[in-house]
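Below: the structure, in structure tokens.
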Amino acid sequence: MNMTLKTIAGCMLVALTATGCSDDKKTVLDHENDAQEEALKAIVKDYVDCTVVPTYRGLADASIRLAEVCDEMCATGAANLTSEQVERAGKCWIEARRYWELSEAWLYGAAGDYNIDPHIDTWPLDKTAMDAMLGNAAQMAQMSDRESAGEYVGSSLGQGLLGFHAIEYMIFEPSSSTTAITSPRPVGRFTQNELYYLAAVADDLRNCCLRLEASWADEGTVSQSKLDILDDAELSYATNYGAYMKNAGQAGSIYVNYAEAVQELIVGAQDIADEVGNQKIGNPVGSGLEADPDYIESPYALNSITDFIDNIRSVRHAYMGYTPVTGETETYLKTPAHTLSAYVATIDADLDTRIREALDHATEAIAKMREPFASTSQDASMKQINFAAVDACNDLNDILDELIDLIHKN
């Protein structure tokens, strides 16, 4: 450490030893850390209350609507099913799917600890096991009991038979393997066993989504009807992850301070940026590995590219908060007063600008990709575009390392 004569003299007058300088420096650093902690406290509170909880609430409500229409399809029966019912189920799936993908920048907490992420979002679908299950009289008898069917499939079926993609497979049917057109599955192709299965899996998905909301929201803010569903399914929601973050540094929180909570926020954003680039896109196109054209997310609804963009939007929401988009009405997400982006801009404006640019670049690069991704991932004419999207996601991941370093330095 370099010290001027004036500094040394000042220290001698105060303490007559060099120890006095060390204590003065510690006091200054403590005040700087206190200032950062106060700023990060406000950011974390808004992150939980304006972004995480509203996203999960939107997901929970959409999943209830999806379960209701699937239950209605089951009650109607295969012989009387209407195309309007299947179409409505598809719209409900799209809505729920959007909120789930918008939540993937925070797959820590309940989504990870309760194993909800792989439970509701594993792909590719295990079609061989599905065919065997649909022909298994004992299993179908369990699913035909509508009171307990959701709990049965949630505890008894493998992840490749559950969640979004099992429902997606049942209600969407692409027109061909190379055309970006999908439609509601024709009603004449449904069997009653498939409808039992569809309704049961939709119930299980709903239960998982309700658990996410209840595990992050403030006590007393989740409707009793939702809690009753969780209680009936014997799914615990006692751990409150929102309170953990908002009360960092206090007794009972898993975070020693708000800087650690913000690091969790950033790492969650990095994890999904990495997954989008190197797995969701990278695995099918063969980025660093042999291409796996079967590793396609949301191939039946032809929602892959939308999934990827919504994942990057979840990173944007974590860093910048929600801002309204032209033509889009959002009734759940809230625009926060305090964001990580605004804080970073006060201490390193250049880094904030580069993070925003990286978010835009990743979104724009993915938007150039084309459906059906199962086909275009192997199309030589799309190779440069697909790999550019991988690179853009990796660039976003890398620049978030700088953000972690900035939080630690301050």
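Just so you know, residue 1 is the first one in the sequence shown, and it goes up from there.
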| message | Looking at every non-hydrogen atom in both residues, tell me the closest pair between Ser177 and Ser375 and how far apart they are. | response | O-CB, 3.3 Å

| said: Take a 6.0 Å sphere around CD of Gln224 and say whether it holds more than 12 heavy atoms from other residues, nucleotides or ligands. | reply: yes

| query | So, does Ser215 use its side chain to make a donor-acceptor pair with the main chain of Leu212 at under 3.5 Å? | reply | no

| task | Answer with yes or no whether the side chains of Asn33 and Glu37 bring together a donor and an acceptor at under 3.5 Å. | result | no

| message | When you measure from the side chain of Asp46 to the backbone of Ala337, do you find a donor-acceptor pair of N or O atoms at a distance under 3.5 Å? | response | yes

| Hey, are Tyr237 and Glu213 close enough side-chain-wise for a donor-acceptor pair under 3.5 Å? | no

| task | For residues Cys92 and Val69, report the shortest heavy-atom separation together with the two atoms involved. | result | SG-CG1, 4.3 Å

| Are any side-chain N or O atoms of Gln263 and backbone N or O atoms of His408, one a donor and one an acceptor, separated by less than 3.5 Å? | no

| said: Is a donor from one side chain sitting under 3.5 angstrom from an acceptor on the other, for Thr339 and Ser341? | reply: no

| request: Examine Arg57 relative to Tyr332 and say whether NZ or CZ is less than 6.0 Å from the centre of the six-membered ring and inside a 45° cone about the ring axis. | output: no

| Plane angle bin for Trp216 and Tyr56 - parallel if under 30°, tilted between 30 and 60°, otherwise perpendicular | tilted

| message | As a quick check of understanding, evaluate side-chain contact (heavy atoms from CB on, under 4.5 Å) for Cys50 and Tyr322, giving each step before the final call. | response | CA-CA 8 Å; Cys50 298; Tyr322 168 75; over 6 Å; no

| task | Please test Gln270 against Asp401 for side-chain hydrogen bond (donor to acceptor under 3.5 Å, both in side chains), starting from the C-alpha separation and ending with a verdict. | result | CA-CA 8 Å; Gln270 283 187 301; Asp401 278 333; 2.8 Å; yes

| message | Any side-chain to backbone donor/acceptor pair from Asn303 onto Thr306? Under 3.5 Å, distance only. | response | no

| task | Verify the distance criterion only: is there a donor paired with an acceptor across the side chains of Asn247 and Tyr255 at less than 3.5 Å? | result | no

| task | Compute whether any side-chain donor of one residue and acceptor of the other, for Asp145 and Ser148, lie under 3.5 angstrom apart. | result | yes

| query | If you measure only the distance, is there a donor-acceptor pair under 3.5 Å linking the side chains of Glu168 and His165? | reply | yes

| Is Asp61 salt-bridged to Lys226, going by a charged N under 4.0 Å from an acidic O? | yes

| request: May I ask you to say whether Lys334 pairs ionically with Asp49, meaning some side-chain N is under 4.0 Å from a carboxylate O? | output: no

| query | If you measure from the Lys or Arg side-chain nitrogens to the Asp or Glu carboxylate oxygens, is any gap between Arg189 and Glu173 under 4.0 Å? | reply | yes

| query | For Met320 and Leu340, what are the C-alpha separation, side-chain angles and deciding distance, and is it a side-chain contact (heavy atoms from CB on, under 4.5 Å)? | reply | CA-CA 6 Å; Met320 299 172 57; Leu340 189 53; over 6 Å; no

| Going through the checks in order, is the side-chain contact (heavy atoms from CB on, under 4.5 Å) test met by Arg146 and Asp203? | CA-CA 9 Å; Arg146 294 295 304 122; Asp203 282 352; 2.9 Å; yes

| Pair Phe308 and Phe373, ring centroids less than 6.0 Å apart | yes

| task | Please determine which of Ser183, Cys70, Pro184 meets the side chain to side chain contact (heavy atoms under 4.5 Å, CB included) test together with Val86. | result | Pro184

| message | Ignoring hydrogens and geometry beyond distance, is a side-chain donor-acceptor pair present between Glu151 and Asn207 at under 3.5 Å? | response | no

| Rounded distance (nearest 0.5 Å) linking atom CD of Gln139 with atom CG of Leu161 | 8.5 Å

| Among Met73, Met130, Met140, Arg185, the one residue meeting side chain to side chain contact (heavy atoms under 4.5 Å, CB included) with Glu194 | Arg185

| note | All heavy atoms of Ala365 vs all of Ala392, minimum pair found to be CB-CB, 3.9 Å

| query | Is there a donor-acceptor pair closer than 3.5 Å between any side-chain N or O of Gln159 and the backbone N or O of Ile120? | reply | no

| query | Got a second to check how far Ile64's CD1 is from Ser225's OG, nearest 0.5 Å? | reply | 6.0 Å

| Audit row: Tyr343, Gln36, side-chain hydrogen bond (donor to acceptor under 3.5 Å, both in side chains) steps and yes/no | CA-CA 9 Å; Tyr343 172 70; Gln36 174 172 269; 3.0 Å; yes

| request: Taking Asp218 for its side chain and Thr221 for its backbone only, find out whether a donor-acceptor pair lies under 3.5 Å. | output: no

| field | Distance-minimising heavy-atom pair for Leu396 and Val315 | value | CD2-CG1, 4.3 Å

| query | Charged N to carboxylate O under 4.0 angstrom, Arg97 versus Glu101? | reply | yes

| Lys/Arg-Asp/Glu bridge criterion (N-O < 4.0 Å) met for Glu402, Arg354 | yes

| task | Please check if any side-chain donor atom of Glu104 sits under 3.5 Å from a side-chain acceptor atom of Asn311, or the reverse. | result | yes

| query | Shortest non-hydrogen contact from Ala166 to Tyr197? | reply | CB-OH, 3.3 Å

| message | Taking the six-membered ring for Trp, are Trp93 and Phe172 closer than 6.0 Å centroid to centroid? | response | yes

| message | Would the distance check show the side chain of Glu260 and the main-chain N or O of Val256 forming a donor-acceptor pair, the cut-off being under 3.5 Å? | response | yes

| task | Report the C-alpha separation of Lys280 and Ile272 in whole Å, then their side-chain angles, then the decisive distance to 0.1 Å, and conclude whether the side-chain contact (heavy atoms from CB on, under 4.5 Å) test is met. | result | CA-CA 10 Å; Lys280 294 186 177 190; Ile272 194 59; 4.3 Å; yes

| Sidechain N-carboxylate O distance under 4.0 Å for Asp360, Arg316 | yes

| When rounded to the nearest 0.5 angstrom, what is the spacing between OH in Tyr108 and CE in Met245? | 4.0 Å

| message | Does this structure show an ion pair linking Glu330 with Arg98, if we count only N-O contacts that are shorter than 4.0 Å? | response | yes

| said: Does the Lys NZ or Arg CZ of Arg211 fall within the cation-pi geometry relative to Tyr114 - under 6.0 Å from the ring centre and within 45° of the axis? | reply: yes

| query | Can any side-chain N or O of Gln142 pair as donor or acceptor with the backbone N or O of Ala149 at less than 3.5 Å? | reply | no

| Is the number of heavy atoms from other residues, nucleotides or ligands under 6.0 Å of Tyr169 OH greater than 12? | no

| query | Can you tell me how far the OG atom of Ser156 sits from the CE atom of Met143, to the nearest 0.5 Å? | reply | 8.0 Å

| Donor-acceptor under 3.5 Å (Ser175 side chain, Thr182 main chain) | no

| Do we see a donor-acceptor contact under 3.5 Å between the side chains of Asn193 and Thr191? | no

| remark: All heavy atoms of Asn410 vs all of Leu406, minimum pair found to be ND2-O, 2.8 Å

| query | Are the side chain of Thr76 and the backbone N or O of Glu72 linked by a donor-acceptor pair below 3.5 Å? | reply | yes

| task | Tell me yes or no: between the side chains of Ser298 and Asp307, is some donor less than 3.5 Å from an acceptor? | result | yes

| task | Verify the distance criterion only: is there a donor paired with an acceptor across the side chains of Thr363 and Arg313 at less than 3.5 Å? | result | no

| note | Value for CG (Asp294) from CG (Leu125), rounded to nearest 0.5 Å, stands at 12.0 Å

